[in-house]
Amino acid sequence: QGPLTPQQQRVFEVADGMRRAVASRELAAAAHTFVDYWSGDGTWERMEATARATVAQRMPMVAGHFGSITTAHDLARGLGSLSAPTLLLCGSETTAAARCMTERVAASLPNARLVLVTGAGHMGPLTQVRHVNDLIAAHLYATSG
């Protein structure tokens, strides 16, 4: 799999910063880091106060899930034995680290198909609902023996 790229190292740093902020009960700081990482610098500041409060409340759970991306580097090594047809979707506008890790996972799975969803970012399943659902439905239809 090779060494981590600078983009992958960055996602590890972001996840670690979020974990530390949550542990210190600095939920707004964790949310600020998370939102700006995935959606671009300044996004947090442009959000409505009520939306920021809602996101901040969810940071303990989100930090745990976001932190799991850091295991993708090691996880990819053990995927070669899985033969199930797998569809991996990646937004063309997501972070470089997320795209790189998705590509690594796809390369590790013997029966994977990676689809780049044009114009989608990290929240592609919510912003490109119809297109993402159509891709998933087509995959399920094609692989449902």
Side-chain angles (χ1 to χ4, degrees), residues 1-82 84-109 111-141 143:
Q1 294 292 323
L4 296 176
T5 66
Q7 295 86 3
Q8 290 171 311
Q9 188 59 43
R10 176 69 182 130
V11 78
F12 293 167
E13 292 166 1
V14 169
D16 186 54
M18 287 176 59
R19 279 192 296 273
R20 286 193 318 268
V22 167
S24 299
R25 302 300 301 160
E26 297 171 11
L27 301 184
H32 187 171
T33 298
F34 176 78
V35 168
D36 278 9
Y37 176 75
W38 286 108
S39 300
D41 290 339
T43 302
W44 175 255
E45 294 300 326
R46 291 189 298 273
M47 290 173 63
E48 296 285 333
T50 55
R52 287 195 307 259
T54 299
V55 172
Q57 286 177 331
R58 293 188 172 101
M59 280 301 103
M61 177 191 64
V62 171
H65 292 163
F66 183 62
S68 69
I69 197 170
T70 62
T71 63
H73 180 71
D74 294 325
L75 175 66
R77 292 184 204 152
L79 296 177
S81 63
L82 299 177
T86 305
L87 173 66
L88 294 162
L89 302 176
C90 185
S92 66
E93 305 305 312
T94 194
T95 65
R99 187 169 178 173
C100 181
M101 289 184 185
T102 303
E103 290 168 352
R104 281 184 178 218
V105 170
S108 300
L109 287 164
N111 199 9
R113 186 174 130 227
L114 174 59
V115 175
L116 191 64
V117 181
T118 304
H122 171 66
M123 299 303 291
L126 299 178
T127 62
Q128 308 270 347
V129 175
R130 173 160 283 174
H131 185 57
V132 168
N133 285 346
D134 288 348
L135 289 166
I136 294 169
H139 172 75
L140 292 172
Y141 180 76
T143 60

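All values derive from a computational prediction rather than experimental measurement.
- The line from CG of N133 to CG of L140 is 10.5 Å long, rounded to the nearest 0.5 Å.
- Residues G124 and V132 share a closest heavy-atom pair of O-CG2, 3.7 Å.
- Aromatic ring pairs are classed by plane angle as parallel below 30°, tilted from 30° to 60° and perpendicular above 60°; the pair F34 and H122 is perpendicular.
- Using a 4.5 Å cut-off on side-chain heavy atoms (C-beta onward), V11 and T95 make no contact.
- Rounding to the nearest 0.5 Å gives a distance of 8.0 Å between CZ of R113 and NE2 of H139.
- In this structure, the side chains of L87 and V115 come closer than 4.5 Å at one or more pairs of heavy atoms.
- Judged by distance alone, with hydrogens and angles left aside, the side-chain atoms of T94 form no donor-acceptor pair with the main-chain N or O of C90 at under 3.5 Å.
- Of the possible polar contacts, one joining the S92 side chain to the G119 backbone as a donor-acceptor pair under 3.5 Å is found.
- Applying the side chain to side chain donor-acceptor pair (under 3.5 Å) rule to H32 yields the partners D36; only residues at least two apart in sequence or on another chain are considered.
- A donor-acceptor pair under 3.5 Å is absent between the side-chain atoms of T102 and the main chain of C100, judged by distance alone.
- Residue L89 holds its CG atom at 8.0 Å from NE2 of H131, rounded to the nearest 0.5 Å.
- Listed here is the closest heavy atom pair of V22 and A63: CG2-CB, 3.9 Å.
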Extract all donor-acceptor atom pairs below 3.5 Å that involve side chains of residues 40-50 and protein atoms in other chains or at least two apart in sequence.
{"unit_1": "T43", "atom_1": "OG1", "unit_2": "S39", "atom_2": "O", "d": "2.9"}
{"unit_1": "T43", "atom_1": "OG1", "unit_2": "G40", "atom_2": "O", "d": "2.7"}
{"unit_1": "T43", "atom_1": "OG1", "unit_2": "R46", "atom_2": "NH2", "d": "3.3"}
{"unit_1": "R46", "atom_1": "NH1", "unit_2": "G42", "atom_2": "O", "d": "3.3"}

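- When all heavy atoms of Q128 and T118 are compared, the closest pair comes out as NE2-O, 4.0 Å.
- The two residues A31 and A56 make their nearest non-hydrogen contact at CB-CA, 3.8 Å.
- In terms of the side chain to side chain donor-acceptor pair (under 3.5 Å) criterion, residue partners of R20 (sequence neighbours excluded) are, by chain and number, D16.
- Expressed to the nearest 0.5 Å, how far CG of L114 lies from OG1 of T86 amounts to 11.5 Å.
- The two residues A106 and A112 come nearest to each other via the heavy atoms O-CB, 3.7 Å.
- In this structure the side chain of L116 reaches within 4.5 angstrom of the side chain of R99, judged on heavy atoms.
- With rounding to the nearest 0.5 angstrom, the OG1 atom of T54 is 11.0 Å from the CE atom of M59.
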* Asked: Under the side chain to side chain contact (heavy atoms under 4.5 Å, CB included) criterion, do V62 and M18 qualify, and how do the steps go?
  -> CA-CA 9 Å; V62 171; M18 287 176 59; 4.2 Å; yes
